[in-house]
Amino acid sequence: MTVSGPGTPEPRPVVPGASSVEQLRKEGNELFKCGDYEGALSAYTQALGLGATPQDQAILHRNLAACHLKLEDYDKAETEASKAIEKDGGDVKALYRRSQALEKLGRLDQAVLDLQRCVSLEPKNKVFQEALRSIGGQIQEKVRYMSSTDAKVEQMFQILLDPEEKGTEKKQKASQNLVVLAREDAGAEKIFRSNGVQLLQRLLDTGETDLMLAALRTLVGICSEHQSRTVATLSVLGTRRVVSILGVENQAVSLAACHLLQVIFDALKEGVKKGFRGKEGAIIVDPARELKVLINNLLELLTEVGVSGQGRDNALTLLIKIVPRKSPKDPNNSLTLWVIDQGLKKILEVGGSLQDPPGELAVTANSRMSASILLSKLFDDLKCDAERENFHRLCENYIKSWFEGQGLAGKLRAIQTVSCLLQGPCDAGNRALELSGVMESVIALCASEQEEEQLVAVEALIHAAGKAKRASFITANGVSLLKDLYKRSEKDSIRIRALVGLCKLGSAGGTDFSMKQFAEGSTLKLAKQCRKWLCNDQIDAGTRRWAVEGLAYLTFDADVKEEFVADEAALKALFQLSRSEERSVLFAVASALVNCTNSYDYEEPDPKMVELAKYAKQHLPEQHPKDKPSFVRARVKKLLAAGVVSAMTCMVKTESPVLTNSCRELLCRVFLALVEEVEDRGTVVAQGGGKALLPLALEGTEVGQTKAAQALAKLTITSNPEMTFPGERIYEVVRPLVSLLHLNCSGLQNFEALMALTNLAGISERLRQKILKEKAVPMIEGYMFEEHEMIRRAATECMCNLAMSKEVQDLFEAQGNDRLKLLVLYSGEDDELLRRAAAGGLAMLTSMRPSLCSRIPQVTTHWLEILQALLLSPNQELQHRGVVVVLNMVDASKEIASTLMESEVLEILSVLAKGEEGPVTRAAAACLGKSMEYGLIQPNQDKK
């Protein structure tokens, strides 16, 4: 038997009584040849479910393996190939495909055994011989590498653990080399097998910052994507020991420990998903149990006395990342339920802690916000009313335990906890506000003589003002209280918070110009005071944050927006604060920028509905005159000049849970507004906007990702992508752009994505392969049938550039499709730009695949008319593309050349050949020359 290729499903004779299995297999084979590997998978899987014979099952399993190899799912490819081998131990194709999967999985020792078996079954097969030589070379290289690093690893640890080498350059170099070595799997394995974990434990025990950092970063390499090494590392170091490093005062060490724990969690979670297999099976454990042990230790750390505030924040960050489900499609939220039962009170304890004066627990300015975000994510991860009711009950019981019988200190702790809930799961916060005596205590404490008590109460009042259930109560009872605090208090910290409360209530009408809560000019006065506090760098960042909160509400008013963007000092102070350690300001900064750029969702009301509302005497929202497009464009220019892109780029880089998906969405909205005008895009790119948009387009809310992707598309269309996204970054742009091709996106988003992909497809083969890998081709083909002429044209241009790839050429060459026909017909359309794109694709394809030339006359009876129209076009580009197509057809076959020369094409070519020297003349002369070679025309015929 001869292997036709590593990924070609094999046909076989029809078995009587198995026509449906055979039909589905044939259908799968055709889909595979066309590049639709998902469709082929579906067909083969259906065939397996129809009671196939053992022989059929073997073939279907190895065909499934071929599909998984193409889709780069090597675990499944190995599984399917193994099933085929179980059915037929001498199945050489299945053995070969399993060897390919094992090689990709890094299991070279197992892959070589399968290849040796293939060679023994088919000794003359060159494909097997070459593969065996290649994998043998890889194994030898690995052995050489491992042996050369043996002595190096030992030497590095000797230097690092030598007390006499303390602080030397030699020691620093050894630690760096160790970290670099651990980044490669082979190096990490060598360190691990050289008693490395125990030696790294000794480095951790030294307490020296540099050595601890080197140890933690090396452990990251050892544990990364390797479950058995991770479990072994935990068994040596101890789970409690690893988690405790989070709590150290040194910020760099705490962050390094946070990164290590994230890697450990990822490895264990992978173990929960698929269990231990192959090389990972050395240690048998229950990953789910190990995961819970680690999470439990993190929860314990939250309330431990002596843990640094930074360490507590890092623990909260880890819990935010690892506990909630990544997708609501995942039905299993048991980890969230377990954390709520085991640790909700501990999280609430952090959320209710006071930073100033310091309490038992050390917290930072960001701790309460991190706790709020974790609580919000846990609450959102609940699936039913019973689970949510349990969450409410636990929160209310905790608040009551502090509020009742604990004196004033207990009431303060309870109110602070309510504030934490109002910033997170606001449903739980609203329920807590309704507990007996809570709201009354908030109002009463606002009048306290003690600043700390006033701060807690006023903040709770502000957070409550934004919640629908309480806003009317506070509007009626709280405005006078807040005004009184603002006017009479001598403390800026109280006045600024009271001002924010007034701002919040004053912005209740949003952007509706006709719904103003305060007298004319009051919002401008409030905004002026907010800007004054914001610019006062004598006030601490935590207090100035509240000035930004106020502006985030007041900038709904267009007059406030205009004054704010004109105040360069205020903008500078805003951007500086966004870069500070006060991370909780990010959402307010992003909100103010969204308001200033009008990048919130706004739909023009239907004129008929407006008339109807007027007739019914219903209220109609009114747009402020200064929110018209010309004003918005002017504000965008001022923000760009002030350096808004640099500030937003720093915000995107923030490694903090405060950068929530909602916050990311706001930044995406602003970026899209900033790149709306073509002339502004260069500024955005120059200040790092392209780099910042990539992570925003890949993670966040669906709306945010779409808006970031659209901003990327705009940049890719009008600038050189290789300059905008240098290095490997350009390949990351493809996926967000392809996401804009989905049907739920607008026509403008589809069009811009197609234009951007056209630019990328014209740069390199690697980029074209990336576009193919993201399964964009079927969607692009779909848009070639779009009614909107600009979208249809953009899709055709994109396909023209993709036609340089072998895979796309195969699609056009495959039998039973109308792809070639569509290009030929489009080459005769009235839309000149569409004709140019289609004719360019036709010229490319007929040049790369001569076999297509003979099919052009078969796809439509109008093919000659279309070619003649191209040759006679006054547009030289169209003329050139047409003459290249004709030349390719003449070169491909004497029969086609004869048909062409018997038509008016000969006369047209004769005229073109006598024209002014250029590509069209040369191509026309080449057509005539080839026809002379065939003996179809005489030399004097083109000299009439």
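The structure displayed is predicted, hence computed values, not measured ones.
- A distance of 6.5 Å separates CD1 of Ile496 from SG of Cys530, quoted to the nearest 0.5 Å.
- Of all heavy-atom pairs between Arg312 and Val307, the closest is NH2-O, 2.9 Å.
- The shortest side-chain heavy-atom distance between Leu348 and Leu394 does not fall under the 4.5 Å cut-off.
- Asn333 and Glu387 share a side-chain donor-acceptor pair at under 3.5 Å.
- Annotation: side chain of Gln454 is not in contact with side chain of Leu445 (no heavy-atom distance under 4.5 Å).
- Considering every non-hydrogen atom in both Leu375 and Phe391, the closest pair reads O-CZ, 4.0 Å.
- Of all heavy-atom pairs between Cys596 and Leu639, the closest is CB-CD1, 4.2 Å.
- To the nearest 0.5 Å, atom CH2 of residue Trp338 and atom CD1 of residue Ile295 are 6.0 Å apart.
- Between Arg325 and Asp330, none of the side-chain N atoms (NZ, or NE/NH1/NH2) sits under 4.0 Å from a carboxylate O, so this pair counts as no salt bridge.
- The OG1 atom of Thr364 sits 9.5 Å away from the CD atom of Gln251 when rounded to the nearest 0.5 Å.
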Could you walk me through whether Val589 and Leu577 pass side-chain contact (heavy atoms from CB on, under 4.5 Å), step by step? CA-CA 9 Å; Val589 172; Leu577 194 60; 5.9 Å; no

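- Distance check: Ile399 CD1 to Leu421 CG gives 5.0 Å after rounding to the nearest 0.5 Å.
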Trp533 and Arg495: side-chain contact (heavy atoms from CB on, under 4.5 Å), yes or no, with the steps? CA-CA 10 Å; Trp533 271 320; Arg495 293 186 69 220; 3.8 Å; yes

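- Between the side chain of Thr597 and the main chain of Ala673, no donor-acceptor pair closer than 3.5 Å is present.
- By the 4.5 Å heavy-atom criterion applied to side chains, His392 and Asp427 are counted as neighbours.
- Rounding to the nearest 0.5 angstrom, the gap separating the CG atom in Leu382 from the CG atom in Leu337 is 6.5 Å.
- Using modelled atom types, one finds a donor on one side chain and an acceptor on the other under 3.5 Å when comparing Ser254 with Asn314.
- Judged by distance alone, the side chain of Arg664 and the main-chain N or O of Pro695 form a donor-acceptor pair under 3.5 Å.
- Of the charged side-chain nitrogens involved, at least one lies within less than 4.0 Å of a carboxylate oxygen, so that Glu396 and Arg431 count as a salt-bridged pair.
- Using a 4.5 Å heavy-atom cutoff, the side chains of Phe265 and Leu298 are in contact.
- Here the side chain of Ser372 pairs a donor or acceptor atom with the backbone of Cys420 at under 3.5 angstrom.
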I would like to know whether Glu300 and Lys346 meet side-chain contact (heavy atoms from CB on, under 4.5 Å); could you show each step before the answer? CA-CA 8 Å; Glu300 293 292 336; Lys346 294 180 174 69; 3.8 Å; yes

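- Nearest heavy atom pair, residue Leu534 against residue Ala573, reads O-CB, 3.6 Å.
- A salt bridge links Arg368 with Glu459; the closest basic N to acidic carboxylate O contact falls under 4.0 Å.
- Side-chain contact check for Leu319 versus Leu302: some heavy-atom pair is nearer than 4.5 Å.
- Using a distance-only test at 3.5 Å, with no hydrogens or angles considered, a donor-acceptor pair links the side chain of Ser353 to the main chain of Glu349.
- A salt bridge is defined here as a Lys NZ or Arg NE, NH1 or NH2 lying under 4.0 Å from an Asp or Glu carboxylate O, and Lys377 with Asp380 fails to meet this definition.
- With rounding to the nearest 0.5 Å, the separation of CG in Asp381 from CG in Leu335 is 9.0 Å.
- When side chains are defined from C-beta on, Leu344 counts as touching Cys395, because their heavy atoms get closer than 4.5 Å.
- A side-chain donor-acceptor contact under 3.5 Å links Lys561 and Asn598.
- No side-chain heavy atom of Leu667 sits under 4.5 Å from any side-chain heavy atom of Leu586.
- Between Arg497 and Glu549, no side-chain nitrogen of the basic residue sits less than 4.0 Å from a carboxylate oxygen of the acidic one, so the salt-bridge criterion is not met.
- When all heavy atoms of Leu674 and Val636 are compared, the closest pair comes out as CD2-CG1, 3.9 Å.
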Applying side-chain contact (heavy atoms from CB on, under 4.5 Å) to Leu696 and Gln705, what does each step give before you reach the verdict? CA-CA 6 Å; Leu696 291 175; Gln705 286 179 277; over 6 Å; no

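- Salt-bridge formation is detected for the pair Glu665/Arg669: a Lys NZ or Arg NE/NH1/NH2 atom is positioned less than 4.0 Å from an Asp or Glu carboxylate oxygen.
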Pairs under 3.5 angstrom only: tabulate donor-acceptor contacts from the side chains of residues 400-411 to other protein residues two or more places apart or in another chain.
residue: Ser401; atom: OG; partner: Tyr398; partner atom: O; Å: 2.5
residue: Trp402; atom: NE1; partner: Tyr398; partner atom: OH; Å: 3.1

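- The two residues Leu499 and Leu526 come nearest to each other via the heavy atoms CD1-CD2, 2.8 Å.
- The main-chain N or O of Ser584 is found under 3.5 Å from a side-chain atom of Asn366 such that the two form a donor-acceptor pair.
- Between the Ser376 side chain and the Ile373 main chain, no donor and acceptor come within less than 3.5 Å of each other.
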Before you tell me yes or no, could you show the steps for Asp567 and Arg531 under salt bridge (Lys or Arg N to Asp or Glu O under 4.0 Å), namely the whole-Å CA-CA distance, both residues' side-chain angles and the distance that decides it to 0.1 Å? CA-CA 9 Å; Asp567 188 339; Arg531 297 203 311 273; 2.9 Å; yes

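- Judged by distance alone, the side chains of Thr543 and Asp540 do bring a donor and an acceptor atom under 3.5 Å apart.
- Here the side chains of Asn390 and Asp341 are in contact, with some heavy-atom distance below 4.5 Å.
- No more than 12 heavy atoms of other residues, nucleotides or ligands lie within 6.0 Å of NZ in Lys532, so this atom counts as exposed by the packing criterion.
- Defined by atom type and a distance below 3.5 Å, a donor-acceptor pair is missing between the side-chain atoms of Ser370 and Asp313.
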